[in-house]
Peer 1: 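The structure that follows is given in the form of structure tokens.
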Amino acid sequence: LELAQGEVRSKAALMGELSREHTVLQQRLAQAKADEELSVQERDGLRASVAALQAQLEALQKKQAGEDSGAAALQAELAAVRGREAAAQERVLKLEQRERELQTEIVTVRNSLATG
């Protein structure tokens, strides 16, 4: 009987130890599940951040493309204005040349009239 009681105590002690180990393992499992959920949330948050940054990058690229095309349009307009300026300068030079020619003719005619 004592032997049986010792065996029962031994089994009870073993059951207690197993119960404690089971509790510890359940706690670890619960912690692992919580960590996994946190990791999933962190991953989803990072994915959302990446998507937001990608959208910002695309918006900046579109803005840059718009600015580039705007700058190209301004360059073209500037070139056209410079072309008109050069043409106007050429007309001014021609008019100045014609003015000198006319002044020369006036002097010739005056001299002609004076010598008569």
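Atom set for the values below is all heavy atoms of this structure, side chains included, hydrogens, waters and symmetry mates excluded.
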Peer 1: Could you state the interatomic distance from CD (Q97) to CG (L102), rounded to the nearest 0.5 Å?
Peer 2: 10.0 Å
Peer 1: Between atom OG of S69 and atom CD of Q64, what is the distance when rounded to the nearest 0.5 Å?
Peer 2: 10.0 Å
Peer 1: Does any donor atom in the side chain of Q27 or Q31 lie under 3.5 Å from an acceptor atom in the other side chain?
Peer 2: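 Short answer, no.
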Peer 1: If you measure from CD on Q75 to CD on E77, what distance do you get to the nearest 0.5 Å?
Peer 2: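 One finds 11.0 Å between CD of Q75 and CD of E77.
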Peer 1: Excluding sequence neighbours, so at least two apart, what forms side chain to side chain donor-acceptor pair (under 3.5 Å) with E36?
Peer 2: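 Scan of E36 (side chain to side chain donor-acceptor pair (under 3.5 Å), adjacent residues dropped) gives none.
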Peer 1: For V107, which fellow cluster members are found when Ile, Leu, Val, Met, Phe, Trp and Tyr are connected by side-chain heavy-atom distances below 4.5 angstrom, either directly or through intermediates?
Peer 2: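 Joined to V107, directly or through intermediates: none.
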Peer 1: Look only at the side chain of S49 and the backbone of G45, and say whether a donor-acceptor pair between them is shorter than 3.5 Å.
Peer 2: yes
Peer 1: Not counting sequence neighbours, which residues clear salt bridge (charged side-chain N to carboxylate O under 4.0 Å, His left out) with E90? List them please.
Peer 2: K94
Peer 1: Has R43 got more than 12 heavy atoms of other residues, nucleotides or ligands less than 6.0 Å from its CZ?
Peer 2: yes
Peer 1: Apart from V40 itself, which Ile, Leu, Val, Met, Phe, Trp or Tyr residues share its cluster (side-chain heavy atoms under 4.5 Å, direct or through members)?
Peer 2: none
Peer 1: With rounding to the nearest 0.5 Å, note down the distance linking CG in L14 to CD in E21.
Peer 2: 8.5 Å
Peer 1: Report yes or no: do Q41 and E37 form a side-chain donor-acceptor pair below 3.5 Å?
Peer 2: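 Yes - a donor-acceptor pair under 3.5 Å links their side chains.
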Peer 1: State which residues pass salt bridge (charged side-chain N to carboxylate O under 4.0 Å, His left out) with E101; sequence neighbours excluded, sorted by chain then number.
Peer 2: R98
Peer 1: With distance as the sole criterion, is a donor-acceptor pair present between the side chains of Q103 and R100 under 3.5 Å?
Peer 2: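 Not at all, the side chains of Q103 and R100 share no donor-acceptor pair under 3.5 Å.
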Peer 1: Counting N and O atoms only, with roles assigned by atom type, does the side chain of S19 sit under 3.5 Å from a partner on the main chain of M15, one being a donor and the other an acceptor?
Peer 2: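 Side chain of S19 to backbone of M15: no pair is present.
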Peer 1: For Q26, I'd like to know if atom CD has over 12 heavy atoms of other residues, nucleotides or ligands within 6.0 Å.
Peer 2: yes
Peer 1: Please report the interatomic distance CG(N111) to CD1(I106), rounded to the nearest 0.5 Å.
Peer 2: 12.0 Å
Peer 1: Quick one: CD on E85 to CG on L78, what's the gap to the nearest 0.5 Å?
Peer 2: 9.5 Å
Peer 1: Are the side chains of L95 and E99 in touch, meaning some heavy atoms are under 4.5 Å apart?
Peer 2: no
Peer 1: Would you indicate whether the side-chain heavy atoms of V24 and R20 approach each other to under 4.5 Å?
Peer 2: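 When only atoms from C-beta onward are counted, V24 and R20 do not touch, as no gap falls below 4.5 Å.
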Peer 1: With sequence neighbours excluded, tell me which residues meet salt bridge (charged side-chain N to carboxylate O under 4.0 Å, His left out) with E7.
Peer 2: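 Testing E7 for salt bridge (charged side-chain N to carboxylate O under 4.0 Å, His left out), a comparison that skips the adjacent residues, returns K11.
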Peer 1: With a 4.5 Å limit on heavy-atom distance, are the side chains of H22 and L25 in contact?
Peer 2: no
